[in-house]
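Here is the structure we will look at.
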Amino acid sequence: MRVLSTCFLACVLIRLAGCGGSIMGLPIDAGVSPLPPREPAYQAELQIRYLGAAGVLIKRGDESLLTAPFFSNPSIPRVLFGLPIKALPEEIDRFLGPQDKDDLAAVTAVLVAHAHYDHLMDVPYIKDKFLPNAKIYGSDTMKYTLAAFSTQVRADDVVSVEEKAWSVSEPEFPRGPPAWVYPSSNRRLRFLALKSEHAPVIFGLKFFEGSYSAPLREAPTTAYGWLEGQTLAYLIDFLGPDEKTVEFRIHFQDAASTAPLGFPPQFSERPHDQKRVDVAIVCMPGYSQVEHYPEKIVERLNPRFVVITHWENFFARLPDDPRELRVVPTTDAERFIARLTTVLPKDASIKLPARGAWMRFAPAP
């Protein structure tokens, strides 16, 4: 039955693969010029660069982190029929070139929210070539999968935060204080892992489920080997000079989820940790497969800005010109934006960034 479901879905998606939705009429943000370090606003403003899929570079001053980027984009038949897939260095280098090395060299953390191929497969090459100072954080399954890439990723550069991830199903912090992770030595950047879920792909069907319980000796060769593991969301804080005051707060999800999965804590007993979310980074695919996404998460976060990611077709080679991008097949982008708009706070705005676009966010007044 599972094989028949896979074949049926493959046939549907293959039919749609060449006709991902047009971007005509979508409010795509071409971005702004990034702030150079000499500018006074460099230390004050939050800057986010959308790399494509669920990859974003997030920085404020000299502190920066990355969410798992992806560029290799195997086709739907190759993914669903179990044909070989692998990271393509030439595709990665098309979009992460010499001009990105300084930005990426400063990254201290790569946040991986789940371990599917379109979030993890390119990470070993990117870590080896571009991220000399970064550790990679995610689930147990992510850690066990990356064990097969020991020539590119050192074991002590991979950290599982699954056990300490906060769950909305538990009382707030039953095991003690929140398990904030501080990836930089000056402790002005921190993040908290949150247990979430991955929505079905289409027709209520999920793919590449499951987890690993021991390190892999050989790298996965098909999409079916890149198991999801525990899906996480992240709450990310940039702190003030006192290393306590939250100056910017970001909530990141790379998969649609059923409320309240992926929600952050209320911090009801920790008022110094309470802060409105400045930027909510939400995922477009799968929203029609779960109820009330993105409405419930946006209502809970009450953000000043919403950034939409993972919206472009990641089953085809990325075009050099962002204007030639297509929306991921089966996804109604206009409906997603319309639903998002109905719950957007009155003082908030939406950004649908082009691949490669820089966005800048001033501190809250």
Side-chain angles (χ1 to χ4, degrees), residues 2-3 5-18 20 51-55 67-96 110 112-130 136 138-139 141-153 158 198 200-202 205-212 215-229 231 254-255 283 285-286 309-319 325-326 328-331 355:
R2 183 69 174 180
V3 173
S5 297
T6 302
C7 291
F8 171 70
L9 180 58
C11 291
V12 171
L13 291 180
I14 289 168
R15 190 174 182 86
L16 294 171
L51 299 175
T67 64
F70 182 65
F71 305 96
S72 295
N73 289 20
S75 67
I76 286 176
R78 187 161 290 278
V79 169
L80 289 183
F81 290 130
L83 299 175
I85 64 171
K86 62 180 181 179
L88 301 176
E90 64 275 15
E91 288 297 295
I92 298 169
D93 290 345
R94 285 173 64 213
F95 299 105
L96 294 182
V110 180
V112 180
H114 69 279
H116 282 161
Y117 77 93
D118 57 318
H119 299 269
L120 192 58
M121 189 171 74
D122 285 357
V123 168
Y125 176 83
I126 293 172
K127 163 60 181 166
D128 186 41
K129 183 166 182 178
F130 295 99
I136 305 168
S139 68
T141 291
M142 177 219 67
K143 183 175 182 178
Y144 292 144
T145 303
L146 290 183
F149 296 86
S150 58
T151 60
Q152 295 174 302
V153 182
V158 184
H198 192 297
V201 177
I202 191 173
L205 297 172
K206 293 187 69 173
F207 285 83
F208 321 136
E209 294 180 84
S211 59
Y212 289 117
L216 299 189
R217 295 185 177 183
E218 296 183 355
T221 58
T222 73
Y224 291 87
W226 294 90
L227 299 184
E228 175 189 336
T231 293
D254 72 0
C283 173
T309 66
H310 218 335
W311 62 266
E312 75 282 359
N313 184 7
F314 59 96
F315 296 112
R317 188 174 188 264
L318 288 169
L325 287 168
R326 308 284 289 180
V328 65
T330 78
T331 301
R355 183 203 48 76

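The shortest side-chain heavy-atom distance between Pro84 and Arg78 falls under the 4.5 Å cut-off. Counting only heavy atoms from C-beta outward, the side chains of Phe315 and Ser75 never approach each other to under 4.5 Å.
With sequence neighbours left out, the ring-ring contact (aromatic ring centres under 6.0 Å, His included) criterion links Tyr125 to no other residue. Not a single side chain to side chain donor-acceptor pair (under 3.5 Å) links Ser139 to another residue, sequence neighbours left out. In terms of the side chain to side chain donor-acceptor pair (under 3.5 Å) criterion, residue partners of Arg317 (sequence neighbours excluded) are, by chain and number, Glu91. With sequence neighbours left out, Lys129 forms a salt bridge (charged side-chain N to carboxylate O under 4.0 Å, His left out) with Asp93. Looking at residues two or more places apart in sequence or on another chain, you find a ring-ring contact (aromatic ring centres under 6.0 Å, His included) between Phe149 and Trp226.
Summarising the geometry of Ala316 relative to Asn73, their closest heavy-atom pair is O-ND2, 2.9 Å, with the distance given to 0.1 Å. A pairwise comparison of heavy atoms in Leu325 and Trp311 identifies CD1-CH2, 3.9 Å as the closest pair. Residue Ile92 comes nearest to Ala87 through the heavy atom pair CD1-CB, 4.4 Å, listed as atom of the first residue, atom of the second, then distance. The minimum heavy-atom distance between Pro200 and Lys206, with the atom names listed, is CA-CG, 3.5 Å. Closest approach of Ala54 to Thr309, counting heavy atoms only: CA-OG1, 4.4 Å. Contact between Ala255 and Cys283 at its shortest, heavy atoms only, is N-CB, 3.7 Å.
A donor-acceptor contact shorter than 3.5 Å is absent between the side chain of Glu228 and the backbone of Ser211. Between the side chain of Arg94 and the backbone N or O of Leu318 there is at least one donor-acceptor pair closer than 3.5 Å.
Just one residue in the list Leu216, Val158, Val112 forms a side chain to side chain contact (heavy atoms under 4.5 Å, CB included) with Thr145, and that residue is Leu216.
Between Ile85 atom CD1 and Thr222 atom OG1 the span is 6.5 Å, to the nearest 0.5 Å. Here CE of Met142 is found 13.0 Å from OG1 of Thr231. Values are rounded to the nearest 0.5 Å. Taken to the nearest 0.5 Å, the OG1 atom of Thr151 stands 7.0 Å off from the CG atom of Asp128. To the nearest 0.5 Å, the span separating OH on Tyr224 from CG on Leu80 amounts to 5.0 Å. Rounding to the nearest 0.5 Å gives a distance of 13.5 Å between CG of Leu51 and CZ of Phe70.
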Side-chain polar contacts of residues 115-123 - donor-acceptor pairs under 3.5 angstrom, sequence neighbours left out - could you list them?
from: His116; atom 1: ND1; to: His114; atom 2: NE2; distance (Å): 3.2
from: His116; atom 1: NE2; to: Phe207; atom 2: O; distance (Å): 3.3
from: His116; atom 1: NE2; to: Phe208; atom 2: O; distance (Å): 3.2
from: Asp118; atom 1: OD2; to: His310; atom 2: NE2; distance (Å): 3.2
from: His119; atom 1: ND1; to: Asp254; atom 2: OD2; distance (Å): 3.2
from: His119; atom 1: NE2; to: His114; atom 2: NE2; distance (Å): 3.4
from: His119; atom 1: NE2; to: His310; atom 2: NE2; distance (Å): 3.4
from: Asp122; atom 1: OD1; to: Ser72; atom 2: OG; distance (Å): 2.7
from: Asp122; atom 1: OD2; to: Phe71; atom 2: N; distance (Å): 2.6
from: Asp122; atom 1: OD2; to: Ser72; atom 2: N; distance (Å): 3.1
from: Asp122; atom 1: OD2; to: Ser72; atom 2: OG; distance (Å): 3.3

Audit row: Val110, Lys127, side-chain contact (heavy atoms from CB on, under 4.5 Å) steps and yes/no: CA-CA 9 Å; Val110 180; Lys127 163 60 181 166; over 6 Å; no

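Annotation: Glu218, atom CD; neighbour count of heavy atoms from other residues, nucleotides and ligands within 6.0 Å does not exceed 12.
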